[in-house]
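Read through the structure below, which is laid out as structure tokens, and then see the notes.
Values reported hereafter were calculated over all heavy atoms of this structure, with side chains retained and with hydrogens, waters and symmetry mates removed.
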Amino acid sequence: DILRIVTPILRAAQKAGRCMDGDPIFLAKHLVLSVPGLPFTRALLGATDLDSAAARDLYFNQSWAIVRRMFDVQPPA
């Protein structure tokens with residue numbers, strides 16, 4: 001299970017001050033499931049809101065910005 005791999009990495013990053021605080025399991029689920037999973041699930045259910053390249057680019061650029069903010073912290077002094 002990918003969450004068993006990602007969660008300890010997030011915990012270590014949090015401990016080192018390199019990842020935002022919060023429940024590492026929740027953060028791992030977002031990274032693994034929300035970013036690629038939401039478009040995939042919506043497409044399977046017939047949604048067309050991400051059919052255009054522009055819509056997909058917007059979604060993934062916004063998602064990547066969230067991921068970058070998760071790790072845009074300074075380590076403790």
**Message:** Restricting to non-hydrogen atoms, name the atom on Gln14 and the atom on Met20 that form the minimum distance, rounded to 0.1 Å.
**Reply:**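 Taking every non-hydrogen atom into account, NE2-O, 2.9 Å.
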
**Item:** Shortest non-hydrogen separation from Pro36 to Pro39 and the atoms involved
**Value:**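 Result for this residue pair: O-CD, 3.4 Å.
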
**Crowding at CZ, Phe40 (>12 non-hydrogen neighbours, <6.0 Å)** =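 No - once you tally the heavy atoms of other residues, nucleotides and ligands closer than 6.0 Å, there are 12 at most.
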
If you look only at distance, which donor and acceptor atoms sit under 3.5 Å apart when one is on a side chain in residues 22-30 and the other is two or more places apart or in another chain?
{"unit_1": "Asp23", "atom_1": "OD1", "unit_2": "Ile25", "atom_2": "N", "d": "3.1"}
{"unit_1": "His30", "atom_1": "ND1", "unit_2": "Ser34", "atom_2": "OG", "d": "3.3"}

**Item:** Residue pairs fulfilling side-chain hydrogen bond (donor to acceptor under 3.5 Å, both in side chains) with at least one residue in residues 49-67, sequence neighbours excluded
**Value:**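 Qualifying pairs, neighbours excluded: Arg42-Asp49.
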
**Message:** Side-chain heavy atoms under 4.5 Å apart, restricted to Ile/Leu/Val/Met/Phe/Trp/Tyr: what other residues fall into the cluster of Leu45, or is it alone?
**Reply:**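 When side chains under 4.5 Å apart are linked, Leu45 ends up in no cluster with other residues.
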
When the side chains of residues 5-13 are checked against the rest of the protein, which donor-acceptor pairs come out under 3.5 Å, sequence neighbours left out?
{"unit_1": "Thr7", "atom_1": "OG1", "unit_2": "Leu3", "atom_2": "O", "d": "2.7"}

**Same apolar cluster (I L V M F W Y, side chains within < 4.5 Å links), Leu33/Val35** =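 Leu33 clusters together with Val35.
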
**Request:** To the nearest 0.5 angstrom, please state how far the CG atom of Leu38 sits from the CG atom of Leu50.
**Result:**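 One gets 7.5 Å once the value is rounded to the nearest 0.5 Å.
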
